[in-house]
Amino acid sequence: MVSIAGGKFQMGAHQDESESLEDERPQHIVTLNPFYMGKYPITQAQWKVIAKLPKIKRCLKLEPSCFKGDNLPVERVIPVLYEGAPNYMRNEPQRMQRAQRKK
């Protein structure tokens with residue numbers, strides 16, 4: 001896991017930006033709290049393990065990806081982020097401890 005510093009940034013497109021879309025406006029300031037992010041993509045095999053665990057907020061799709069393969073990343077980020085993050089993070093510390101013991 002990698003620590004991401006919190007902060008503020010400007011998000012969205014200026015209304016005069018000719019190639020921007022309507023849903024990119026208006027520009028506004030976004031504030032993020034510090035958080036942790038995985039350094040590597042979650043593979044489909046890892047996701048299946050998490051998806052089979054007891055649910056925290058909602059049931060997870062066992063195979064959310066379009067491109068199938070246990071060693072391929074889960075490419076459908078939105079379902080993973082919003083639905084899977086609580087389940088994944090609940091189990092990440094134990095997974096990291098097991099990986100450290102194997103070294």
Side-chain angles (χ1 to χ4, degrees):
M1 300 298 283
V2 177
S3 176
I4 307 295
K8 294 181 181 188
F9 69 96
Q10 192 166 5
M11 182 175 179
H14 191 273
Q15 66 184 35
D16 295 336
E17 191 174 318
S18 63
E19 302 214 5
S20 66
L21 301 174
E22 191 61 37
D23 66 355
E24 297 174 317
R25 293 187 288 277
Q27 273 188 337
H28 57 285
I29 300 295
V30 174
T31 302
L32 291 176
N33 293 324
F35 63 97
Y36 289 93
M37 180 180 287
K39 188 172 184 178
Y40 304 102
I42 299 171
T43 66
Q44 292 177 37
Q46 292 169 318
W47 177 256
K48 288 175 188 174
V49 171
I50 301 301
K52 290 178 183 176
L53 295 172
K55 78 174 186 176
I56 293 178
K57 291 191 175 187
R58 60 178 71 178
C59 293
L60 304 176
K61 292 180 182 178
L62 191 58
E63 296 187 22
S65 297
C66 293
F67 302 98
K68 305 297 182 194
D70 282 345
N71 293 323
L72 295 177
V74 177
E75 83 277 353
R76 300 197 59 192
V77 176
I78 299 301
V80 172
L81 180 64
Y82 291 109
E83 297 173 12
N87 285 18
Y88 186 78
M89 292 309 299
R90 178 184 69 182
N91 295 286
E92 181 63 10
Q94 294 90 352
R95 193 175 71 84
M96 289 176 67
Q97 288 172 357
R98 285 193 302 271
Q100 290 297 324
R101 283 192 292 252
K102 289 181 183 179
K103 287 184 177 181

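The CZ atom of R25 sits 3.5 Å away from atom OG of S20, with the distance rounded to the nearest 0.5 Å. Interatomic distance, CD1 of I29 versus CE of M11, reported as 11.5 Å (0.5 Å rounding). Atom NE2 of residue H28 and atom CZ of residue F9 lie 7.5 Å apart, to the nearest 0.5 angstrom. Atom CD of residue E22 and atom CD of residue Q15 lie 9.5 Å apart, to the nearest 0.5 angstrom. A distance of 7.5 Å separates CD1 of I42 from CD1 of I50, quoted to the nearest 0.5 Å.
Using a distance-only test at 3.5 Å, with no hydrogens or angles considered, no donor-acceptor pair links the side chain of E17 to the main chain of G12. In this structure, the side chain of Q44 engages the main chain of G69 through a donor-acceptor pair within 3.5 Å.
V74 and Y40 are assigned to two separate hydrophobic clusters, defined by single-linkage of ILVMFWY side chains at heavy-atom distances under 4.5 Å.
Counted within 6.0 Å of CG on N71, heavy atoms from surrounding residues, nucleotides or ligands total 12 or fewer; the atom is thus considered open. Taking a 6.0 Å sphere around NZ of K8, one finds it holds 12 or fewer heavy atoms contributed by other residues, nucleotides or ligands.
Contacts of K39 classified as salt bridge (charged side-chain N to carboxylate O under 4.0 Å, His left out), with partners at least two apart in sequence or in another chain: none. Here D70 pairs with K48 under the salt bridge (charged side-chain N to carboxylate O under 4.0 Å, His left out) rule; sequence neighbours left out.
What you find for F67 and E75 is that their closest heavy atoms are N-OE2, 3.4 Å.
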